[in-house]
Number of protein chains: 2
Amino acid sequence: MSAITTDTVELGLQITDETCCVPASGDKVLQFAEAELLAARFKALSDPNRLRILSIVSSSEELETCVCDLSEPLGLKQPTVSHHLKILVDAGILHREKRGVWAYFSVVPGALESLASSLLPKN
Amino acid sequence: MSAITTDTVELGLQITDETCCVPASGDKVLQFAEAELLAARFKALSDPNRLRILSIVSSSEELETCVCDLSEPLGLKQPTVSHHLKILVDAGILHREKRGVWAYFSVVPGALESLASSLLPKN
DNA sequence: TACAGAGATTGACAAACGTCGATATAGACA
DNA sequence: TGTCTATATCGACGTTTGTCAATCTCTGTA
């Protein structure tokens, strides 16, 4: 799975049909490729432990957290935490910075806001 | 899987530790039960075809769509569409109304906005 | 009553996912 | 050089997921 770098994809699109069982014009509907990118980012948020990781990282005082901070409060082993962190980094939600032996994680500025705005109509 | 009815759960929480490898105080971190509820709703958005369903439903002129409108533009068979619709309804994102033989779907007012706001700090 | 059609449910199958033990990698330090 | 330690990767496992053919349920109409 590779990192996702594209930005907001819109959900609020218009179609022109009005009768039942006349399919929407394929023109303005969210296309599969864009939908796949968006879905991949929501998938990164679809696990309770990853949401808890985000909660811990985004609320730490220095806005940075290392892996050792996460294993205990989550009740998960180190490889599992590392696995979840990789998913969040690949989704473009977390930023990883290695300093010495430690890896520090922080929320990518604007990442969650961009995802949130993709849920809202118009923009 | 049962329907989810609870509302916004917050992500922007504070902890008080500052040194590395001192785990966050379990007090203010998103708890597992809340995280599970939130994750279930994001999971509903984690499939490209479900996002396309939302796109079609939310952009239809009468803000209602029946199953027959979805099968063809999605390129999915009727049971698969029905399956995805059930997931979106159970997640509290879509509303199903049966009128005669047809089932009409619409986006639950505020559902996506509530989900979007759960991604933003403070509120 | 019976028939037709829309949509829900069931069952099966392959693919993807979450978890963890074991192992590998890489930086700090003696 | 070698040892220690934090993190990443690998391999295996049981579970969950997306898809569809077949079937069931329910409603409108004759």
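Please read all numbers here as calculations on a predicted model, not as lab measurements. Labels below follow one simple rule: chain letters A, B, ... track the order of the sequence lines, proteins then strands, and each chain is numbered from 1.
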State which of C:dG7, D:dA8, C:dT9 makes the closest approach to the side chain of B:C66. C:dG7
Atom pair distance, as rounded to whole Å: CG in A:L70 and P in C:dT19: 13 Å
Using atom CH2 of A:W102 as one end and atom C1' of D:dC4 as the other, report the distance to the nearest whole Å. 11 Å
Checking only heavy atoms, does the side chain of A:Q78 share a donor-acceptor pair with the base of D:dA6 at less than 3.5 Å? no
For the side chain of B:K43, starting at C-beta, report the closest nucleotide among D:dT17, C:dA8, D:dT9. D:dT17
What is the distance, to the nearest angstrom, from the CG atom on B:L85 to the P atom on D:dG18? 13 Å
Can you tell me the distance, in whole Å, between the CZ atom of A:R52 and the P atom of C:dG18? 16 Å
side-chain contact (heavy atoms from CB on, under 4.5 Å) involving A:V108 - partner list, sequence neighbours excluded: A:H95, A:A111
Among residues at least two apart in sequence or on other chains, which ones pass side-chain contact (heavy atoms from CB on, under 4.5 Å) with A:H83? A:I87
Side-chain heavy atoms under 4.5 angstrom apart, residues restricted to Ile, Leu, Val, Met, Phe, Trp, Tyr: same cluster for B:V29 and B:F32? no
B:V67 vs A:R50, nearer the 5' end of DNA chain C by closest nucleotide: B:V67
Whole-Å distance between D:dT25 C1' and B:R96 CZ? 13 Å
When rounded to whole Å, the NZ to C1' distance for the pair B:K86 and D:dG18 reads 15 Å
Residue set satisfying side chain to side chain donor-acceptor pair (under 3.5 Å) with A:E97, at least two apart, ordered chain then number -> A:R99
Rounded distance (Å) that lies between atom P of C:dA6 and atom OH of B:Y104: 11 Å
CG of A:D90 versus P of C:dA16: gap in Å, rounded? 16 Å
Can you name the residues that form a side-chain contact (heavy atoms from CB on, under 4.5 Å) with A:P79, not counting sequence neighbours? A:K77
Protein and nucleotides 25-28 of chain C: nitrogen or oxygen contacts under 3.5 angstrom:
none

Tabulate protein N/O versus nucleotide N/O from nucleotides 19-21 of chain D, keeping only pairs under 3.5 Å, one per line.
unit_1: D:dT19; atom_1: OP1; unit_2: B:N49; atom_2: ND2; d: 2.9
unit_1: D:dT19; atom_1: OP2; unit_2: B:H84; atom_2: NE2; d: 2.3
unit_1: D:dC20; atom_1: OP2; unit_2: B:K77; atom_2: N; d: 3.1
unit_1: D:dC20; atom_1: OP2; unit_2: B:T80; atom_2: OG1; d: 3.0

